[in-house]
Asks: 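Provided herewith is a single structure, encoded as structure tokens, for subsequent inquiry.
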2 protein chains.
Amino acid sequence: MAAAETLIVAVEDAGLRPTGPRRIVAELVAAREGAFTAADLAAAAGERSVRVGRATIFRAIELFAALGAIERVDLPDGTHAYVACVVQHHHHVICSACGRSAEIGDLGIGALARDVARRTGYRVDDHRLELFGLCPVCQQAETHT
Amino acid sequence: MAAAETLIVAVEDAGLRPTGPRRIVAELVAAREGAFTAADLAAAAGERSVRVGRATIFRAIELFAALGAIERVDLPDGTHAYVACVVQHHHHVICSACGRSAEIGDLGIGALARDVARRTGYRVDDHRLELFGLCPVCQQAETHT
DNA sequence: GTTTTTGCAAACCATTTGCAGGGTC
DNA sequence: GACCCTGCAAATGGTTTGCAAAAAC
């Protein structure tokens with residue numbers, strides 16, 4: 001679970017304080033294999049009987065997101081979730097059954113964006129691509145159903 | 001603004017009633033050139049001094065979305081917005097300044113999804129691509145700034 | 001000791017729902 | 001006339017904020 005450490009290092013690098021609550025949230029995030037919501041973390045904290053205020057969780061998430069250590073994704077149902085990530089810009093495939101996610105590189109999106117720019121006249125500054133489906137594990141589970 | 005009519009026709013085709021309030025919401029949607037939020041419509045209704053309940057606006061939006069006449073998009077800031085659209089599945093480029101949007105076809109996403117599936121082992125069922133930037137008009141405006 | 005953070009609780013905002021009245025087929 | 005739809009207002013659920021106490025530098 002080096003991921004938790006990664007998040008803390010990012011916080012320190014930003015000149016902010018690697019406080020206890022932040023470490024806790026970082027660990028909760030690292031413990032998740034994929035997408036999670038603020039509520040998930042709050043629930044997980046409860047299960048581990050660690051006492052962290054809701055507000056603190058939201059603030060930590062916001063901070064990590066601002067540092068680029070986690071990224072916000074929006075599930076098909078409109079839920080706001082987040083996924084931990086290691087590189088700056090890329091995309092995710094998210095399992096609709098368990099929330100687990102895998103990162104995928106930038107693939108051909110850059111070219112696609114240029115293509116769109118040419119066709120529509122828009123200047124494309126940013127984009128967002130999310131793929132949803134079933135991870136290998138859940139596919140396996142589905143077969144056994 | 002034939003778009004309003006398109007929405008109503010979709011409602012009728014679904015065997016539902018093209019009621020007054022729905023027509024109003026359809027027009028409010030059509031009046032927008034791009035992305036809008038429920039709050040935008042409510043505000044627009046207020047400006048036009050048409051009295052439509054908030055709940056009705058939400059229900060109409062939900063209905064249109066279910067009919068595939070509008071599509072939900074999530075802005076970079078996490079806001080839930082919608083865009084009117086004419087075809088079943090495609091994507092949008094949304095202007096971050098004015099919200100105007102343009103549709104773009106499916107481009108090479110299908111192939112991309114297959115590629116991702118092969119690499120990650122995930123079974124990709126759905127995806128979502130949103131591009132953000134500046135529309136031609138706003139680029140123009142920016143130049144004059 | 002100064003500055004940043006936390007935690008709590010209250011405030012907020014967007015969205016949903018129950019239900020009685022009104023409109024549509 | 002039966003059923004669908006609307007509007008209101010209250011309930012809900014997620015997220016943010018103010019502020020005093022606590023922790024980190």
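Protein chains get the first letters and strands the later ones, always in sequence-line order, with residue 1 at the start of each.
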Asks: Whole-Å distance between D:dG14 P and B:D77 CG?
Replies: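 Rounded to the whole Å, the gap is 19 Å.
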Asks: Take A:V11 and B:E62, find for each the nucleotide of DNA chain C with the closest heavy atom, and name the residue whose nucleotide sits nearer the 5' end.
Replies: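 Per heavy-atom nearest nucleotide, the more 5' residue is A:V11.
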Asks: Specify the residue among B:T37 and B:P18 whose closest nucleotide of DNA chain C lies further upstream toward the 5′ end.
Replies: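 Looking at the nearest nucleotide for each, B:T37 comes out on the 5' side.
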Asks: To the nearest 0.5 Å, what is the distance between CZ (A:R23) and CG (A:L28)?
Replies: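 The CG atom of A:L28 is 14.0 Å from CZ of A:R23, to the nearest 0.5 Å.
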Asks: Mind checking B:A38 for me? I need base, sugar-phosphate or nothing, with any heavy atom below 4.0 Å counting as a touch.
Replies: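 Sugar-phosphate contact only.
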Asks: From CZ of B:R51 over to P of C:dG21, roughly how many Å is that when rounded to an integer?
Replies: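 Rounded to whole Å, this separation is 16 Å.
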Asks: Same hydrophobic cluster for B:V52 and B:L41, using side-chain heavy-atom links shorter than 4.5 Å among ILVMFWY?
Replies: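 In one cluster with B:V52: B:L41, yes.
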Asks: If you measure from CG on A:L112 to CG on B:L112, what distance do you get to the nearest 0.5 Å?
Replies: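 One finds 8.0 Å between CG of A:L112 and CG of B:L112.
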Asks: What is the separation between atom CD1 on A:I57 and atom C1' on D:dG14, rounded to the nearest whole Å?
Replies: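 Value for this atom pair: 13 Å.
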Asks: Please report the distance, rounded to the nearest Å, between CZ in A:R23 and P in D:dA24.
Replies: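 To the nearest whole Å, that distance equals 9 Å.
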Asks: Starting at the 5' end of DNA chain D, which residue's closest nucleotide do you reach first, B:A55 or B:G15?
Replies: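 Looking at DNA chain D, the more 5' nearest nucleotide goes with B:G15.
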Asks: Send over the distance from B:R54 CZ to C:dA14 C1', rounded to a whole Å.
Replies: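 For the pair B:R54 CZ and C:dA14 C1', the rounded distance is 10 Å.
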Asks: Roughly how far, to the nearest 0.5 Å, is OH of A:Y82 from CG of A:D74?
Replies: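 OH of A:Y82 is found 8.5 Å from CG of A:D74.
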Asks: Specify the separation, in whole Å, of atom CD1 of A:I24 and atom C1' of C:dT6.
Replies: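 Result: 11 Å.
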Asks: In whole angstrom, give the distance that lies between atom CZ of A:F58 and atom P of C:dA9.
Replies: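 Answer to the nearest Å: 16 Å.
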Asks: Test B:E130 against every option in A:H127, A:R128, A:E130 by the side chain to side chain contact (heavy atoms under 4.5 Å, CB included) rule and name the one that passes.
Replies: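 For B:E130, the side chain to side chain contact (heavy atoms under 4.5 Å, CB included) check succeeds only for A:R128.
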Asks: Check the phosphate of C:dA14 against B:H80, side-chain N and O only, distance under 4.0 Å to OP1 or OP2. Yes or no?
Replies: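 Answer no for this pair, as no side-chain N or O of B:H80 is under 4.0 Å from OP1 or OP2.
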Asks: Using OP1 and OP2 only, check whether a side-chain N or O of A:R22 sits under 4.0 Å from C:dT5.
Replies: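 A:R22 to C:dT5 OP1/OP2: side-chain N or O found under 4.0 Å.
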Asks: Taking only the side-chain nitrogens and oxygens of A:T19, find out if one of them lies under 4.0 Å from OP1 or OP2 of D:dA24.
Replies: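 Answer is no, no contact under 4.0 Å.
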Asks: Select one nucleotide: of D:dT6, C:dT6, C:dC25, the one nearest the side-chain heavy atoms of A:R59.
Replies: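 It is C:dT6.
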Asks: Output the rounded distance in Å from CD1 (B:I61) to P (D:dT6).
Replies: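 Computing the B:I61:CD1 to D:dT6:P distance gives 13 Å.
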